[in-house]
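All chains are named by letter (A, B, ...) in the order of the sequence lines, taking the proteins before the strands, and each is independently numbered beginning at 1.
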2 protein chains.
Amino acid sequence: MTLSPDAAPARRLVPAIERASAVMDLLAGSSRPLSLSEIARAAGLAKSSAHGICETLSALGLLRSEAAGYAIGPHALRWSAAYLGRTSLISEFEALLASDDALRSATTTLSVLSGRDVVYLACHNSDRPLGFTFRAGERLPAPFTATGKAMLSALSETERQALLAGDWPAPLTPASVPDAARFETQAARWQTLGYAIDDGEVREGMVCLGAAVRDAQGRPVAGLATSFTSAEAAGDERAALGRAVAALAHRLSAHRPLPD
Amino acid sequence: MTLSPDAAPARRLVPAIERASAVMDLLAGSSRPLSLSEIARAAGLAKSSAHGICETLSALGLLRSEAAGYAIGPHALRWSAAYLGRTSLISEFEALLASDDALRSATTTLSVLSGRDVVYLACHNSDRPLGFTFRAGERLPAPFTATGKAMLSALSETERQALLAGDWPAPLTPASVPDAARFETQAARWQTLGYAIDDGEVREGMVCLGAAVRDAQGRPVAGLATSFTSAEAAGDERAALGRAVAALAHRLSAHRPLPD
DNA sequence: GAATAATGTTCAATATATTGAACGGTTGCC
DNA sequence: GGCAACCGTTCAATATATTGAACATTATTC
C-alpha cells in the first residue's frame, strides 16, 4: 500500500504511453492550444510521431483539434470522476465543513500527494468576497503547501527523504522553503505542533495551515488546509485555526482505511 | 471546428495509446479495483501486455496499484482541471445561475457532447433537501438526456444521424427513446419548442428540460438542463422552467466563440 | 511576386511493444 | 498433501510504432 505511486521505481514501462502522457501534460500546462510542430519540439519527438500521438489522443477525446492547434479534450473527465467517486473522503469533508463554525470564513482544501506535488480534490470556498479557490486537479509542489507539508511530515524520515530526493522544486515566492535540509527542520516543528504552516510560501500575503488525514495505520492519505490572508488572523486566532484544521483532519481520519 | 472529436474518422492511430485508454476506461467503469488478469481478460489483451500497460500507467499516476488490484489514480485530475480551466463557460454558468430566480430551486447542469455521451462539466445543486447531483466528468448517453437532446437537435440532420449511427445505447428506463427514428421525431419537436424534454428517460420520476448553448455560428457547444421530480412542476410551471433554461442558454450563447 | 521558412502529412527502414510460452508462487478443492 | 487452476513476472520471436526524409501546402519576409 503505497502512498505515492508516482515514486515507484521505473520498470517495464511502455514509452509510447509515457509519450502520450507527456503530451497531455504539456498541453495541460499550456494556456493556449499548441500546434503539432510546437508539441513535437517541446516533447522532443519527431513531428510524425507527435502527429500519430495527437491524432490518436484526439480520436479518443483526450485532446481536441482546433484551428489554433491541439488542446485538452473532455475524455479525461471520465477518469477524474471515477477517481473522485471512489472515495467517500470528499463528501465527508464537505459534510464536516458544513457544520464547522471555526473554518467557515476561510477557504479549506482537501488534497492528496501525487509524486512530489499535491493535487487538490476539493475546495470549500470562503463565504467572503474576493475569495480564492482551487479547482479539483490543480497541483502545487508539496513542500511549499500546508497540505503537502502536513502529509510529508507524517511520513517516516526515510520515506520523506526518498520522495524529496533530487532537484528541489523552483520556489514560488522568496519565502518558499529552499531545500530538503531546511524542510527536515520544518517537518520536526510541524510534528510537534500538530499542524503545518505555509506562511507566504505559495503566495505572498497568504497563510495556510494544514493537517494530514491518516489511515488506520497512521499513514497520511490526504491533507487538509485552511487559507486566509496574513491580515485576517494572527497569533492566538491563527493557532485556533490550526487546531481547528487538525481537529477536522482527525475527524476525517476516524474509521479509515481510505482508498489508498 | 468539430463539435465532437470522438467522432473523427479513424486514421493513423497508435494502438498502444488506444489500449492504455481502454484500460483506463475499463477501470473508470469498475466499482472496485481489478486484478491484472481481470484487466487482461476484459480488455482482450495478453497478460504481459496488460502488465506493461498497467505498470506504466501506475508509474505515471494514472492508475494506482492496490492490494486488491489496479484502480484509477489522481493524475488525470490534472488534465481535467486543464480542460475545465480553459473555458469561461463554467464560471459564466455559475454567475448567471447565482442571479436566476427561476432555476434556483432545481438542479441545473452544464454538459458537452463527447461521442454519443454527454459529459457533465458543472452542476448547480438545488437548495432543496435530498437533491441529486452530478460530478464533473460523469457521462450519460446523449439521446436520453435533456442536454444531449438539446445539443443533438441543434445539429444538422446529417450530422446528427452520422453521430447516432450504429448500435443504439441500452435504455436506462422504459421511457428511454428506443431508436434513432423516434429520436428524429423528437428532435423536430424540440426544435419547435426551443428546449428539449427528458421525461423519465434517464431516471423514472425525474423530468429534465434542456437547451443548447451555441457558438457564433449557431453550432451547439454545450448543453444546459434543469431537473426536478415529476411531482414538483407540471403544465405551465414546467413550460416556464423550459423557457427559463432556454433563456439561460441564450445568455450563455452570447458573445461566443467557445473553446470548441 | 518570389524566395524562404514553416507547417502538416505520408512512407519504408529502424527501434519498440506485444505476444505466447515458460516459470515460480499462491489459492482452492478433493 | 497432492493436484489443478490461477496469479503475476520474465523473455525471445513477431507485430508495431517511431524515425528521418520527402513532399505538398501554407505562411512569412523581402
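- For the pair A:Glu55 CD and C:dG8 C1', the computed distance is 9 Å after rounding to whole Å.
- Residues B:Glu66 and B:Arg32 are not paired through a salt bridge, judged by the lack of any N-O separation under 4.0 Å between the basic side chain and the carboxylate.
- Remark: P of C:dT9 and NE2 of A:His51 are 4 Å apart, rounded to the nearest angstrom.
- What separates CG of A:Leu45 from P of C:dG8 is a distance of 14 Å, to the nearest Å.
- Defined by atom type and a distance below 3.5 Å, a donor-acceptor pair is missing between the side-chain atoms of A:Arg64 and A:Ser58.
- With sequence neighbours excluded, the residues that form a salt bridge (Lys or Arg N to Asp or Glu O under 4.0 Å) with B:Arg160 are B:Glu184.
- Here C:dG8 presents its P atom at 14 Å from CG of A:Leu63, a figure rounded to the nearest Å.
- The CD-P distance, from B:Glu18 to C:dT18, rounds to 12 Å in whole Å.
- If you check residues 23-43 of chain B against DNA chain C, you find no residue with a heavy atom closer than 4.0 Å.
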Taking distance alone, no hydrogens or angles, what donor-acceptor pairs closer than 3.5 Å link side-chain atoms of residues 13-22 of chain A to residues at least two apart or in another chain?
none

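- For A:Glu38 and A:Tyr70, the side-chain atoms include no donor-acceptor pair closer than 3.5 Å.
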Below 3.5 Å between N/O atoms, which protein atoms pair up with nucleotides 20-25 of chain D? Just atom names and distances, please.
{"unit_1": "D:dG20", "atom_1": "O6", "unit_2": "A:Ser48", "atom_2": "OG", "d": "2.5"}

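- By the salt bridge (Lys or Arg N to Asp or Glu O under 4.0 Å) test, B:Arg41 pairs with no residue at all, sequence neighbours left out.
- Partners of B:Tyr120 according to the ring pair (Phe, Tyr, Trp, His ring centres under 6.0 Å) rule, which considers only residues two or more places apart in sequence or in another chain, are B:Phe134.
- Across the protein-nucleic acid pair, B:Ile17 atom CD1 and C:dT16 atom P stand 16 Å apart, rounded to whole Å.
- Here the C1' atom of nucleotide D:dT16 and the CD1 atom of B:Ile53 are 13 Å apart, to the nearest Å.
- In this pair, A:Trp79 and B:Trp79 present their aromatic rings tilted. The plane angle is within the 30 to 60° band.
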